[in-house]
Undergrad: 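Pasting a structure here, questions to come.
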Number of protein chains: 2
Amino acid sequence: MTQEKTRANTEAVHALLRADVLGGVHQPGERLKFASLCERYGASVSVIREALTRLVEQGLVESEPKIGFKVRSVSIDDLRDLTATRIDIETIALAYAIERGGVDWEADMVGAHHKLERTPMLTTDGPPRISDEWEDAHGRFHIALLDGCGSPRLLDIACSLRDAAEFYRRWSQTRDTGRDVACEHREILEATLARDSETAVERLRQHYQRTAEILETALTA
Amino acid sequence: MTQEKTRANTEAVHALLRADVLGGVHQPGERLKFASLCERYGASVSVIREALTRLVEQGLVESEPKIGFKVRSVSIDDLRDLTATRIDIETIALAYAIERGGVDWEADMVGAHHKLERTPMLTTDGPPRISDEWEDAHGRFHIALLDGCGSPRLLDIACSLRDAAEFYRRWSQTRDTGRDVACEHREILEATLARDSETAVERLRQHYQRTAEILETALTA
DNA sequence: AAGCAAGAGATTTTCGAATATTTCTAGAAT
DNA sequence: ATTCTAGAAATATTCGAAAATCTCTTGCTT
């Protein structure tokens with residue numbers, strides 16, 4: 001009786017399906033058939049279809065009319081393009097934030113960073129993998145960094161690119177080869193608070209570049 | 001018997017509805033009710049809903065769950081944000097294109113520009129307004145400029161921002177106060193072909209800035 | 001043996017009705 | 001007069017089945 005929700009509205013199914021795609025429950029390239037999805041999410045064709053349609057528009061799922069839907073497939077080329085684009089966009093946003101951000105922005109940023117530092121990165125039960133809580137805190141920190149930029153449109157783009165990146169991230173689970181991610185975050189925050197745009201941007205760039213390199217080796221292996 | 005399509009598939013309805021929203025048939029802020037949309041596009045609730053869902057995800061329509069859909073509303077603030085973001089994004093893309101674009105890119109660009117120059121800007125029948133053909137050629141030229149950038153993701157973002165801008169554009173119909181748009185295009189092309197990144201980017205920036213200013217006065221008036 | 005055609009099965013797409021929710025209206029109570 | 005509430009109307013959401021389409025198999029022809 002724990003999950004007896006009589007309301008299976010689209011919003012919820014969309015969130016669920018999205019989480020499953022992002023989390024790798026459905027593999028990239030995998031076909032998403034209505035029959036099995038309806039069963040899995042306990043919803044009707046209509047609501048599954050709406051959820052899929054939205055995911056297509058968000059770039060997480062692909063659709064061929066009359067043929068069906070499938071999870072978007074991954075490639076090295078796309079990963080490189082994504083990384084480069086992400087760096088370009090976030091670089092601009094961070095610079096704006098440093099230029100325009102007020103004290104509220106600073107406060108949120110510091111808060112998000114604090115939470116990130118206090119959240120254990122790896123799970124302790126079972127084989128060590130990056131915990132969902134950490135992923136969440138990590139995302140929030142990076143968004144908090146940009147949040148002072150004052151441009152809803154730019155922020156929105158950054159978020160959607162972050163989602164796309166999440167898609168790749170699960171491959172690199174625990175492959176952090178002697179990398180001090182926490183330190184990188186601390187240094188980015190430090191330069192940002194000091195309003196040192198040059199340094200902050202450069203550190204952010206390296207942060208993403210390193211992640212991408214790890215992902216790339218994981219993807220080729 | 002000219003339009004007796006028995007197939008009202010989603011793709012078509014989506015395109016139609018999108019064109020109508022972009023073209024101002026449905027005013028910003030206007031509610032989009034299923035009943036009237038079903039009648040207008042001769043389709044069932046399902047396909048209307050899918051089209052609307054997609055438009056929401058594309059940022060052209062807003063949705064409040066259980067309440068309904070409405071055309072996205074416009075504002076000066078959003079126009080400014082949009083313009084600034086567009087300049088930032090296209091600036092990057094153009095710089096990349098100039099840096100990396102090959103001869104095919106050049107050819108497409110020159111071709112698109114030629115077509116733009118040969119397409120009459122204003123309609124001759126009825127009150128003069130900007131013709132759909134010109135709008136189309138105009139969009140294609142600007143996309144052709146960026147197409148050499150080599151980044152599908154960046155190009156995609158640029159296109160979606162262009163759609164958003166289209167949304168505002170219909171207000172400024174024929175308000176071109178002594179502005180030589182054709183000349184601006186020619187100069188942008190010229191600098192781009194000369195691989196003079198600085199100049200090209202600056203001209204593109206001014207091109208958009210001017211458009212935005214005209215739009216802004218039209219919006220406040 | 002290769003290629004083609006027909007048909008069965010699987011799957012997506014569309015429909016119209018049933019259901020759930022919100023919004024409007026009118027009347028009663030304060 | 002104003003606020004509140006019940007009911008009616010309008011509207012969005014969800015469902016399950018019918019229709020359309022694609023895919024795969026099987027048997028036939030060359």
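Only a predicted model underlies this, so the values are computations on that prediction, with no experimental measurement involved. Values reported hereafter were calculated over all heavy atoms of this structure, with side chains retained and with hydrogens, waters and symmetry mates removed. Lettering follows sequence order; numbering is per chain, from 1.
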Undergrad: Heavy atoms within less than 4.0 Å of DNA chain D: which residues of residues 30-39 of chain B have one? Give them sorted by number.
TA: B:Arg31, B:Leu32, B:Lys33, B:Phe34
Undergrad: Nearest to the side chain of B:Ser44, which nucleotide is it out of C:dT13, C:dC15, D:dT14?
TA: C:dC15
Undergrad: Taking CZ from A:Arg49 and P from D:dC15, how many angstroms apart are they, rounded to a whole number?
TA: 16 Å
Undergrad: Compare every heavy atom of A:Pro28 with every heavy atom of A:Val71, then report the nearest pair and how far apart it is.
TA: CG1-CA, 3.6 Å
Undergrad: Where each residue is assigned the nucleotide of DNA chain C containing its nearest heavy atom, which of B:Val45 and A:Pro65 is assigned the position nearer the 5′ end?
TA: A:Pro65
Undergrad: Can you tell me if the side-chain N/O atoms of B:Ser46 get under 4.0 Å from OP1 or OP2 in C:dT13?
TA: no
Undergrad: Can you tell which of D:dC15, D:dT21, C:dT22 lies closest to the side chain of B:Ile67?
TA: C:dT22
Undergrad: Do the side-chain N and O atoms of B:Arg169 and B:Thr211 include a donor-acceptor pair separated by under 3.5 angstrom?
TA: no
Undergrad: Regarding A:Thr53 and B:Thr53, do their side chains bring together a donor and an acceptor under 3.5 Å, going by distance alone?
TA: no
Undergrad: Can we call the ring centroids of B:His26 and B:Phe69 under 6.0 Å apart?
TA: no
Undergrad: For a quick test of reading the model, state the closest non-hydrogen atom pair linking B:Val74 to B:Tyr168 and the distance between them.
TA: CB-CE2, 3.4 Å
Undergrad: Between atom CD in B:Glu50 and atom P in D:dT14, what is the gap in whole Å?
TA: 15 Å
Undergrad: To the nearest Å, give me how far apart CG (B:Asn9) and C1' (D:dC22) are.
TA: 15 Å
Undergrad: According to the salt bridge (charged side-chain N to carboxylate O under 4.0 Å, His left out) rule, which pairs have a member within residues 67-79 of chain B, sequence neighbours left out?
TA: A:Arg153-B:Asp78, B:Arg72-B:Asp78
Undergrad: In whole angstroms, how far is the C1' atom of D:dA19 from the NZ atom of A:Lys66?
TA: 10 Å
Undergrad: Separation of B:Ile48 atom CD1 from D:dT11 atom P, in whole Å?
TA: 15 Å
Undergrad: Specify the separation, in whole Å, of atom CG of A:Leu52 and atom C1' of C:dT12.
TA: 11 Å
